[in-house]
Amino acid sequence: MNSLAISYDDVVQAHERLAGVAHRTPVMTSTTADTASGATLFFKCENLQRVGAFKLRGAYNAIAQFTPAQRAGGVITFSSGNHGQAIALAARLLGVRSVIVMPEDAPAIKLAATRGYGGEVIAYDRYREDGNEVVARLAQERGMTFIPPFDHPHVMAGQGTLAKELFEEVGELDVLIAPVGGGGLLSGCATAARALSPRCAVVGVEPVAGNDAQRSLAQGEIVRIETPKTIADAAQSRSLGRHTFPVLRELGARILTVSDAELVEAMKFFASRMKLIVEPTGCLGAAAVFNGKLDVEGKRVGVVLSGGNVDLARFASLVG
Ligand SMILES: *Cc1c(COP(=O)(O)O)cnc(C)c1O
């Protein structure tokens, strides 16, 4: 246990750092969803978090622990999605420079959003260069510190704070279910669950097109896949991380999969019944519950809605 990347104490400290910075997001309930599933569901609404996803928690917790030299050098990352925006905002809040490396063909709206949070966007040609190499070169040249989207203890501990909030608010649960990409979110949540609700089953859900986490836990080693084709764009990571995988294995996380069609149905439910905009990836956990992928009859179930960043035209075409 001691060799794991994070402990519950790290989550507690992260939560103190995030006080007054990250929103304590609401926990919502739905009689319709409870009746349909036979469970009591608690939706933790990180779609209503600052930057529209839980990623601010991990990003801020990581940059807040920089040494003075690291603060002076700035932070760099590689992301066209929620992590890039989270790093940009967290860095600005902490008075640190940020560089976000993105493919030059990333949606203009994402480039603009990242710049809007104060990040310097550096675009690269993804057909000619490797994003990771671009980051490594710039980090070296500019003396910046690289913070990856999931495979970092400070990021993992930060993400776990949302589960700590959930247990503090609703008490112990039978099941906690959350999306899984690279496993930063799930490993942080599992760490909080182990401490605050030891009998709670921890379940991750990934797109069926990219079930690398499921295969990794079944085989006992990290399985790498090609970038999966799915509308769950924040869960297109190609493998779990060397820090996240051991936590998920040790804490006994179980992994389920759902289809894109099931994600769309869940998006429609949240928009029409709960007045919530949840991005496709944010619906992974809920879609598993709604489609009977695990037995929740009579159980108290926490469901993480991880983000709400989907542009309106895409949202309309998906749910229309
Ligand atoms: C990053 C992200 C995920 C996946 O998180 P991991 O830590 O990579 O497992 C899920 N949902 C949303 C909205 C995200 O931004």
Output a table of donor-acceptor pairs, distance under 3.5 Å, between side-chain atoms of residues 153-162 and any protein atom two or more places apart or on a different chain; print 'none' if there are none.
residue : atom : partner : partner atom : Å
Q159    : OE1  : G58     : N            : 2.9
T161    : OG1  : R57     : NH1          : 2.9
T161    : OG1  : G158    : O            : 2.6

What donor-acceptor contacts under 3.5 angstrom involve side-chain atoms of residues 274-293, with partners at least two apart or in another chain?
residue : atom : partner : partner atom : Å
K275    : NZ   : S272    : O            : 2.3
E279    : OE2  : N82     : ND2          : 3.3
E279    : OE2  : G308    : N            : 3.3
E279    : OE2  : N309    : N            : 2.9
T281    : OG1  : D233    : N            : 3.3
T281    : OG1  : A234    : N            : 3.0
N291    : ND2  : A287    : O            : 2.8
K293    : NZ   : T257    : O            : 3.4
K293    : NZ   : E262    : OE1          : 2.9
K293    : NZ   : E262    : OE2          : 3.2

Inset, instruction - Please assess R142 against E120 for the test salt bridge (Lys or Arg N to Asp or Glu O under 4.0 Å), listing each intermediate value before the final yes or no. - result: CA-CA 13 Å; R142 301 192 181 193; E120 180 192 343; 3.2 Å; yes

Inset, instruction - Go through the steps to decide whether Y8 and L196 satisfy the test side-chain contact (heavy atoms from CB on, under 4.5 Å), and finish with yes or no. - result: CA-CA 9 Å; Y8 178 59; L196 298 176; 3.4 Å; yes

Inset, instruction - For salt bridge (Lys or Arg N to Asp or Glu O under 4.0 Å), just list the numbers for E250 and R194, CA-CA rounded to whole Å, side-chain angles, deciding distance to a tenth of an Å, and then say yes or no. - result: CA-CA 11 Å; E250 192 69 34; R194 169 59 66 94; over 6 Å; no

Inset, instruction - Apply salt bridge (Lys or Arg N to Asp or Glu O under 4.0 Å) to K164 and E169, showing your working. - result: CA-CA 9 Å; K164 176 174 180 281; E169 187 161 335; over 6 Å; no

Inset, instruction - Walk me through it: do S30 and F269 pass the test side-chain contact (heavy atoms from CB on, under 4.5 Å)? - result: CA-CA 11 Å; S30 160; F269 172 81; 3.6 Å; yes

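With hydrogens and angles ignored, the 3.5 Å screen pairs a side-chain donor or acceptor of D34 with a backbone N or O of L41. Although no hydrogens or angles enter the test, the distance criterion places no donor-acceptor pair under 3.5 Å between the side chain of S187 and the main chain of T244. Without hydrogens or angle criteria, D260 side chain to I231 main chain gives a donor-acceptor distance under 3.5 Å. For the pair D10 (side chain) and S7 (backbone), a donor-acceptor distance under 3.5 Å is present. With E206 contributing its side chain and Q214 its backbone, the two residues share a donor-acceptor pair below 3.5 Å. Between the side chain of N132 and the backbone N or O of V134, no donor-acceptor pair lies under 3.5 Å. Between the side chain of R273 and the backbone N or O of T32 there is no donor-acceptor pair closer than 3.5 Å. Q85 contributes no side-chain N or O that, together with a main-chain N or O of A113, makes up a donor-acceptor pair within less than 3.5 Å. No donor-acceptor distance shorter than 3.5 angstrom exists from the side chain of R224 to the backbone of D212, with no hydrogens or angles considered.
The shortest distance between side-chain heavy atoms of Y60 and L94 falls below 4.5 Å. Q70 has its side chain out of reach of M144: every pair of non-hydrogen atoms, C-beta onward, lies at least 4.5 Å apart. Proximity of V247 to T191: side-chain heavy atoms (C-beta onward) are separated by under 4.5 Å at one or more points. At a threshold of 4.5 Å between non-hydrogen side-chain atoms, the residues V101 and T77 do not count as touching. Within the 4.5 Å cutoff, the side chain of F42 has no heavy atoms near those of the V301 side chain. Looking only at side-chain heavy atoms (C-beta outward), L185 and P179 come within less than 4.5 Å of each other. Between L305 and T25 there is no side-chain heavy-atom pair separated by less than 4.5 Å. Between E172 and R199 the shortest side-chain heavy-atom distance falls below 4.5 Å.
Heavy-atom minimum distance, F167 versus C200: CZ-SG, 4.2 Å.
There is no side-chain donor-acceptor pair under 3.5 Å between S306 and E46. Of the N and O atoms on the side chains of Q13 and E16, not one donor lies less than 3.5 Å from an acceptor on the other residue. Using modelled atom types, one finds a donor on one side chain and an acceptor on the other under 3.5 Å when comparing E165 with H15. Residues T40 and K299 bring no donor and acceptor atom of their side chains to less than 3.5 Å of each other.
Other residues sharing the hydrophobic cluster of I225, ordered by chain and number and joined by side-chain separations under 4.5 Å: V223. By the 4.5 Å side-chain criterion applied to Ile, Leu, Val, Met, Phe, Trp and Tyr, F245 is assigned to a cluster that also includes V180, L186, V202, L217, I222, L240, L248, I255.
Under the ring pair (Phe, Tyr, Trp, His ring centres under 6.0 Å) criterion, Y124 pairs with F78, not counting sequence neighbours. With sequence neighbours left out, H83 forms a ring pair (Phe, Tyr, Trp, His ring centres under 6.0 Å) with no residue at all.
Residue E141 qualifies as enclosed at atom CD: its count of foreign heavy atoms under 6.0 Å is above 12.
Under a hydrophobic-cluster definition in which Ile, Leu, Val, Met, Phe, Trp and Tyr are linked whenever side-chain heavy atoms come within less than 4.5 Å, directly or via other members, I63 and I76 are assigned to different clusters.
Salt bridge present: E129 and R137 bring a charged side-chain N and a carboxylate O closer than 4.0 Å.
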